[in-house]
Amino acid sequence: MKFYITTAIDYVNAPPHIGHAYEKICADVIARWHRLKGEKVYFLTGTDENAQKNEQAAKEAKIETKKFVDQNSKLFEELCKKLNLSNDDFIRTTQARHTKVAQEIFKKVFDKGDIYKGNYEGYYCQGCEAFITEKELVDGKCPEHNKEPEWLKEESYFFKLSKYQDKVLKLIETNTFILPQKRRNEMISRLKSEGLKDLSVSRTNLDWGITTPIDKKHKIYVWFDALINYVSALGYPDEKPYKEFWPADCHYIGKGINWFHTIIWPAMLMSAGIPLPKTVYVHGYITLNGKKISKSLGNVIDPIFLIDKYEIDPIRYAIIRDIPHGEDGDFSEKSLINRNNNELANDLGNLLSRTLTLIEKNFNSEIPESKSELTFDIEKIDKLMQNYELDKALAEIWKFVNKCNKYINDKKPWEIKDKKELEKILYTLADSLRIISILLHPFIPETSEKINKQLNIQLGTLKDCKPNLLKKTKIKKGEHLFKKI
RNA sequence: GCCUCCGUAGCUUAAUGGUUGAGCGCAUCUCUCAUGAGGAUGAGGUUGUGGGUUCGAUUCCCACCGGAGGCACCA
């Protein structure tokens, strides 16, 4: 079995914020879970760099555009490392491997007869040097430049999106293509009520972007180009990763770009004769301390700053537990601190600590051989993970942690004189911790490794999440798993 | 304006046509292996408001109030 998962590629005209971190962490957890199941996983993330806005932002910063996107893309790459992501690749849409494929697919769609020359008409603001929508106008003026736009006609190539309306509708009506269901309903009703118009897929008068293979005056519209990253990164059409991993099993994206991924992207693929992705999972947005993340509110926290302050595992843990799957959710430092101290340090860290100390004192640091009394329902958790309910899966794992703590209290090993009985209790605890370290690995990989190191064992797979697989080993009690904040 | 979704204890949330379950926080009790950790108990809800269907609604229907989201070239 293979599993190909992607995140959206990020816009590089501003540095990363906590929302980017959230999407990447979730995708990473899913990727790691599938690896635990023994599947061959490919996890892709990257940056979207051909937008016109980059050119403008670079101009404002008085740097060359290429240099500007290089700098900002680096910030996202650095973020991936800091988040401890297990991504297999990082695509940049300015890379030659991408521009080549973007042009190739554009040509393919053109050759199919699905791209034709027409005129794009709309309001054009001289200040923005761009078309703006009627909705964006305030009192008939561009709000940014306080100028009345002019009605302009521009030559443009159009993609016959309308041709694919029925096929796309049929696709999105299948019940696993768009998840969660709420997002599927939105797209279905919108498609049914509005229908599809052809899409302008080229722009003139731009210096930045990918030139169309059919007309040198035109650049490829940035969305048409951006979506293609999912196949260009794999080396479409001939390279091995493409053959092995396409179609994608999951495009993990935010709700703002649902339409592009579930309507436009499938239509492009249909036209180009490329197989369709299996699932587009649409997550919600994050608020920070209860407020929308926005520059004007000045609450844009650099996630790298947060990681340096708190370490990555508590952040991964808190952000996943705090945000209900598919919904918007809030991330706050207060909640992070709470969860770090109560759940990570007290429940889990202390469980390991008390277990290892008991083994140290009673069995000279050697895990005794016996039979475990605790079991864990892996099916339930795997089901939650299949359904992308990461928050609930993690809560379920925590129930097991709590069960272990209660087990110690009930059994009172510090009062037990009978050696066999004591062996059984401590084996049960150590073996349960072994299972916990596997289950937690996708969520908090560093912590999982620390547990294994102290138990002096290797990380298992999901198949090993059954009791009694722990062998007699000498433990190596180390530092506490978590520091309290 | 049109279309989704939501409104349950201070906060986050689960569930169901028939006496609303849980976690955090709070209060009390308790163990001592452990990171002043762990465990137990308790207080707290007429399930947004009004109406309807029903023997019975928090769950189904309608209206209203409140909140979130989507509405194509903006990513």
Side-chain angles (χ1 to χ4, degrees), chain A residues 8-14 48 50-54 120 122 128 130-133 135-136 156 158-159 161 180-203 221-224 226-227 253-261 263-264 282 284-285 287 290 292 321-324 326-330 332 334-335 338-339 341-362 391-392 395 398-399 401-402 404-416 422 425-426 429 477 479-484:
Chain A
I9 49 175
D10 300 309
Y11 238 33
V12 292
N13 62 342
D48 178 9
N50 293 317
Q52 197 184 344
K53 275 192 179 162
N54 291 328
Y120 182 76
C128 300
F131 283 95
I132 56 176
T133 57
K135 237 175 50 184
E136 288 175 303
S156 172
F158 282 81
F159 169 53
L161 187 59
Q181 189 173 40
K182 181 179 166 179
R183 300 298 167 199
R184 178 166 90 235
N185 295 342
E186 267 173 18
M187 289 302 114
I188 291 173
S189 70
R190 190 170 146 195
L191 185 54
K192 277 185 175 167
S193 68
E194 297 171 22
L196 290 178
K197 281 185 209 154
D198 290 348
L199 180 72
S200 162
V201 289
S202 80
R203 298 285 186 276
Y221 167 52
V222 67
W223 261 111
F224 195 94
L227 289 161
I253 59 158
K255 64 188 183 182
I257 55 177
N258 191 353
W259 180 263
F260 292 93
H261 283 79
I263 308 291
I264 296 174
V282 186
Y285 285 160
T287 56
K292 277 192 182 176
R321 279 216 73 168
D322 274 338
I323 293 153
E327 301 290 323
D328 293 346
D330 190 54
S332 71
K334 195 181 156 200
S335 167
N338 240 323
R339 290 195 184 278
N341 293 350
N342 295 338
E343 290 161 30
L344 294 174
N346 291 351
D347 292 348
L348 178 63
N350 189 44
L351 172 64
L352 179 73
S353 183
R354 63 201 302 210
T355 301
L356 294 187
T357 300
L358 284 164
I359 292 171
E360 208 172 56
K361 285 186 179 170
N362 290 289
D391 56 319
K392 287 189 183 136
W398 227 255
K399 277 189 194 162
V401 173
N402 291 331
C404 292
N405 273 321
K406 185 170 161 51
Y407 178 81
I408 302 192
N409 266 65
D410 291 349
K411 294 288 177 179
K412 302 190 191 349
W414 50 91
E415 284 178 6
I416 302 283
L422 195 56
I425 295 166
L426 296 184
L429 288 166
K477 192 165 186 263
E479 298 214 329
H480 293 148
L481 290 180
F482 301 95
K483 288 187 192 102
K484 295 212 185 176

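Naming convention: chains lettered A, B, ... in sequence-line order (proteins, then strands); numbering from 1 in each chain.
Considering only side-chain N and O atoms, N405(A) lies nowhere under 4.0 angstrom from the phosphate OP1 or OP2 of A34(B). Between K399(A) and G23(B) there is no side-chain N or O to OP1 or OP2 distance below 4.0 Å. Within the 4.0 Å cut-off from OP1 or OP2 of C33(B), not a single side-chain nitrogen or oxygen of K411(A) is found.
Side-chain atoms of N346(A) stay outside donor-acceptor range of the base of A37(B), with no qualifying N/O pair under 3.5 Å.
Separating the C1' atom of U13(B) from that of U47(B) is a span of 13 Å, rounded to the nearest Å. For the C1' atoms, the distance from C71(B) to C24(B) is 38 Å, rounded to whole Å. The separation of G25(B) from A9(B), taken at their C1' atoms, amounts to 12 Å, rounded to a whole angstrom. Comparing G56(B) with U16(B), their C1' atoms are spaced 14 Å from each other, to the whole Å. Nucleotides U32(B) and A40(B) are separated by 16 Å at their C1' atoms, to the nearest Å. Separating the C1' atom of U58(B) from that of U46(B) is a span of 11 Å, rounded to the nearest Å. Comparing the same atom, C1', in G50(B) and in A14(B) gives a spacing of 27 Å after rounding to whole Å. Comparing the P positions of U41(B) and A68(B) gives an interatomic distance of 39 Å, to the nearest angstrom.
The minimum heavy-atom distance linking L351(A) with D347(A) is given by the pair CB-O, 3.1 Å. Minimum heavy-atom separation, S202(A) to S156(A): O-OG, 3.3 Å.
Contacts of K483(A) with the nucleic acid, taken as non-hydrogen atoms under 4.0 Å apart, are absent. In this structure, V222(A) reaches the sugar-phosphate backbone alone: every heavy-atom distance under 4.0 Å involves primed, P, OP1 or OP2 atoms, never a base. At a threshold of 4.0 angstrom between heavy atoms, the contacts of S200(A) include nucleobase atoms, whether or not backbone atoms are also involved. Here L351(A) lies out of heavy-atom contact (under 4.0 Å) with every strand. In this structure, K412(A) reaches neither bases nor backbone, as no heavy-atom distance under 4.0 Å exists between it and the strands shown. Among the heavy atoms of the strands lying under 4.0 Å from K406(A) are primed sugar atoms or P, OP1, OP2 only; no base atom is included. Within the nucleic acid shown, F482(A) comes within 4.0 Å of at least one base atom, counting heavy atoms only. Using a 4.0 Å heavy-atom criterion, one finds that N258(A) contacts no nucleic acid atom at all.
Map R321(A) and W223(A) each onto its nearest nucleotide of RNA chain B; the residue landing nearer the 5' end is R321(A). In terms of position on RNA chain B, the residue among W414(A) and I257(A) whose nearest nucleotide sits closer to the 5' end is W414(A).
Straight-line distance from the CG atom of D322(A) to the P atom of G25(B): 13 Å, rounded to whole Å. Remark: P of U13(B) and CG of D391(A) are 10 Å apart, rounded to the nearest angstrom. Here G23(B) presents its P atom at 15 Å from CG of N338(A), a figure rounded to the nearest Å. Atoms NE2 (H480(A)) and C1' (U35(B)) sit 4 Å apart, rounded to a whole Å. In this structure, CG of N362(A) is placed 11 Å from P of A34(B), rounded to the nearest angstrom. Rounded to a whole Å, the CZ atom of R183(A) is 18 Å from the P atom of C3(B). For the pair L358(A) CG and U32(B) P, the computed distance is 13 Å after rounding to whole Å. Residue N409(A) contributes atom CG, which lies 18 Å from atom P of C29(B) at whole-angstrom precision.
When both distances must be under 3.5 Å, the Watson-Crick or G-U wobble mate of U58(B) does not exist. Using Watson-Crick or G-U wobble geometry with both donor-acceptor distances under 3.5 Å, A63(B) finds its partner in U49(B). For G25(B), there is no paired nucleotide, since no Watson-Crick or G-U wobble pair has both relevant distances below 3.5 Å. Nucleotide A75(B) forms a pair with no other nucleotide shown, judged by Watson-Crick or G-U wobble geometry with both contacts under 3.5 Å. Under the Watson-Crick or G-U wobble criterion, with both distances below 3.5 Å, A68(B) is paired with U4(B). Nucleotide A14(B): unpaired (no Watson-Crick or G-U wobble partner with both distances less than 3.5 Å).
Comparing G25(B), G38(B), U35(B) against the side chain of N342(A) picks out G25(B) as the nearest. Listed nucleotides U32(B), A72(B), U4(B) differ in distance to E415(A); the shortest reach to its side chain belongs to U32(B). Across A72(B), G39(B), A34(B), the shortest atom-to-atom separation from the side chain of L196(A) is found for A72(B). Ranking G69(B), C33(B), G70(B) by closeness to the R190(A) side chain, first place goes to G70(B). The side chain of K484(A) sits closest to U35(B) out of U35(B), A34(B), G70(B). Counting only heavy atoms from C-beta on, N350(A) has its side chain closest to G38(B) among C33(B), G38(B), U32(B).
Residues V282(A) and E186(A) fail the side-chain proximity criterion, which asks for heavy atoms closer than 4.5 Å. Side chains of L161(A) and K197(A) form no contact here, defined as non-hydrogen atoms less than 4.5 Å apart. Here the side chains of F482(A) and L348(A) are in contact, with some heavy-atom distance below 4.5 Å. Considering only heavy atoms from C-beta on, F158(A) stays 4.5 Å or farther from V201(A) through its side chain.
S353(A) contributes no side-chain N or O that, together with a main-chain N or O of G349(A), makes up a donor-acceptor pair within less than 3.5 Å.
Between R321(A) and E343(A) a salt bridge is recorded (basic side-chain N to carboxylate O distance below 4.0 Å).
Looking only at atom types and distance, the side chain of N350(A) has no donor-acceptor partner in the side chain of N346(A) under 3.5 Å away.
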